[in-house]
Amino acid sequence: MPEMPEVETIARKLRKTIVGKRVSEVQLSGLPLRRPIPGSFAAVLPGRTIRRIHRRGKYLIAELEPRAYWLIHLGMSGRILYFPGAGERTAHTHAAIRFTDATELHYRDHRRFGLLAVYEAAGLGEIPELQALGRDPLGAGFNGQWLWRELRRSRQQVKSFLLDQGRIAGLGNIYVLEALFHAHLRPTRRCHRISRGEAVDLARAIAKVLRQAIRNRGTSFSDFMDSDGVLGDYQNHLSVFQREGKRCRRCRSEIRRLIQGNRSSFFCPGCQK
DNA sequence: GCATTACCCTGAAAGC
DNA sequence: TGCTTTCAGGGTAATG
């Protein structure tokens, strides 16, 4: 399940592999993703050159020349695969982008929760999906003071708050739960009851967990691999996620699981208050 | 404003 | 062994 570190890992690979290439042809499966792939997608890309690769939250954006933006969200099972020649089309290859040098980039997604779109906008700021995003947790505006001010205004449980992409862009289930563990906070804590000091610790924990995950090229369970098919390593560093019944590495308590909003949460009852 | 539920989807695991 | 059921989850929308 790609979250920000996995998307950042892919973005770094793509900057090395496809920037400067010109699209010659686009083939689509015809099946809808989260939304149908717009008809303009296959019309806009051919003839354009990839100028830059951006990441905003969990979105990948390829900036094209003449100016257009190709937006990608991987959903839960989306994969971007780069091939030095013609790549294998599977039942789940929903878009195959061929470049003029005969290399290819494929979008595969067996659950089809992802998103592909194209905008002929003047700037990134005009793309509606990106306008809806909150602050980037590794960006300059993200710190403990800002987080505390935001938390104080909410009565939500802190896990739901952190998953809200409109507040903080890029966190998903894994890294929210890992960050809460490192900040000694239970996922059920009410935001407005979190102290300034705890908010500062939480902001630091979020940034630390994300940076470590990026260094390890993300977390691979069943779905994630980067555009060259390389698996991430961060699953070997997890403290609570999917460790129900196992011992906490810090206090030896048994990791517990609970359901919040139909999603699993994992926490250490000894370390997290 | 917030929680809950449902929906989209399919592969893996569990259950029978 | 083979079939059926359950579960997983990101984002979004509807409902209470």
Side-chain angles (χ1 to χ4, degrees), chain A residues 1-10 28-38 55-61 71-80 90-95 107-117 127-134 136-137 149-180 186-194 210 213 218-225 231-232 234-235 238 240-245 255-267:
Chain A
M1 50 221 81
E3 301 181 26
M4 189 255 255
E6 290 76 27
V7 177
E8 178 63 29
T9 300
I10 294 170
L28 303 176
S29 69
L31 292 172
L33 302 178
R34 183 194 317 169
R35 300 196 304 246
I37 301 173
R55 180 194 57 76
R56 294 279 189 280
K58 302 178 194 175
Y59 285 93
L60 278 169
I61 309 108
L71 192 67
I72 304 169
H73 192 292
L74 300 170
M76 287 201 47
S77 54
R79 283 182 191 172
I80 299 285
T90 71
H92 304 299
T93 303
H94 299 297
Y107 178 82
R108 270 189 210 167
D109 187 353
H110 63 84
R111 288 181 196 169
R112 293 197 269 131
F113 285 4
L115 176 75
L116 293 179
I127 296 173
E129 285 86 350
L130 306 184
Q131 285 175 333
L133 295 178
D136 191 293
R149 281 201 302 270
E150 295 293 310
L151 288 168
R152 267 200 313 179
R153 297 211 303 260
S154 171
R155 306 181 82 81
Q156 268 183 294
Q157 295 184 346
V158 64
K159 182 195 175 186
S160 304
F161 176 99
L162 295 174
L163 282 175
D164 183 348
Q165 302 298 300
R167 297 183 187 276
I168 301 169
L171 296 176
N173 212 27
I174 298 176
Y175 299 113
V176 162
L177 295 172
E178 290 298 306
L180 286 169
R186 289 202 186 190
T188 49
R189 274 285 289 277
R190 296 284 164 180
C191 294
H192 67 289
R193 295 193 180 280
I194 290 174
L210 292 175
T219 303
S220 293
F221 280 109
S222 53
D223 289 322
F224 174 68
M225 55 176 68
L231 297 173
Y234 197 68
Q235 65 278 8
L238 297 172
V240 288
F241 187 77
Q242 291 204 344
R243 295 196 67 238
E244 182 185 19
I255 303 297
R256 290 202 199 141
R257 182 169 88 109
L258 59 87
I259 302 295
Q260 286 177 286
N262 269 345
R263 308 271 194 266
S264 289
S265 288
F266 303 87
F267 70 97

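By convention in this document, chain letters (A, B, ...) are assigned in the order of the sequence lines, proteins followed by strands, and residues within each chain are numbered from 1.
- Ring geometry, A:Phe266 versus A:Phe241: the interplanar angle exceeds 60°, so the pair is classed perpendicular (tilted spans 30 to 60°).
- One side chain, A:Tyr175 or A:Glu6, offers a donor N or O that lies under 3.5 Å from an acceptor on the other.
- Counting to the nearest Å, the C1' atom of C:dG9 and the CG atom of A:Leu115 are 17 Å from each other.
- What separates CG of A:Asp164 from P of C:dT12 is a distance of 10 Å, to the nearest Å.
- Heavy atoms of A:Arg35 sit nowhere under 4.0 angstrom from any nucleic acid atom.
- Between the CE atom of A:Met4 and the P atom of C:dG10 there is a distance of 15 Å, rounded to whole Å.
- For A:Arg55, the salt bridge (Lys or Arg N to Asp or Glu O under 4.0 Å) partners are A:Glu8, A:Asp136, not counting sequence neighbours.
- A:Val240 has its side chain within reach of A:Glu178: a pair of non-hydrogen atoms, C-beta onward, lies under 4.5 Å apart.
- Computed from coordinates, the A:Arg56 CZ to C:dG11 C1' distance equals 20 Å when rounded to whole Å.
- Note: CZ (A:Arg153) to P (B:dC2) measures 10 Å, nearest angstrom.
- Distance, A:Leu258 CG to C:dA8 P: 12 Å, rounded to whole Å.
- In this structure, the CZ atom of A:Arg79 is 11 Å from the C1' atom of B:dG11, given to the nearest Å.
- Atom P of nucleotide C:dG11 and atom CG of A:Leu163 are separated by 8 Å, given to the nearest angstrom.
- Residue A:Arg189 holds its CZ atom at 10.0 Å from CG of A:Leu151, rounded to the nearest 0.5 Å.
- Residue A:Arg167 is in sugar-phosphate contact alone, with no base atom involved, counting any heavy-atom pair closer than 4.0 Å across all strands shown.
- Under the 4.5 Å side-chain criterion, counting only non-hydrogen atoms from C-beta, A:Ser264 is not in contact with A:Glu244.
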Using a 4.0 Å heavy-atom cut-off to protein, can you give one letter per nucleotide of nucleotides 4-10 of chain B, 5' to 3': B if the base is in contact, S if only the sugar-phosphate is, - if neither?
-B--BBB
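- Considering only side-chain N and O atoms, A:Ser154 lies under 4.0 angstrom from the phosphate OP1 or OP2 of B:dC2.
- Residue A:Gln165 places no side-chain N or O under 4.0 Å from the OP1 or OP2 atom of C:dG10.
- Every residue meeting the side-chain contact (heavy atoms from CB on, under 4.5 Å) condition with A:Gln131, not counting sequence neighbours, appears here in chain and number order: A:Pro128.
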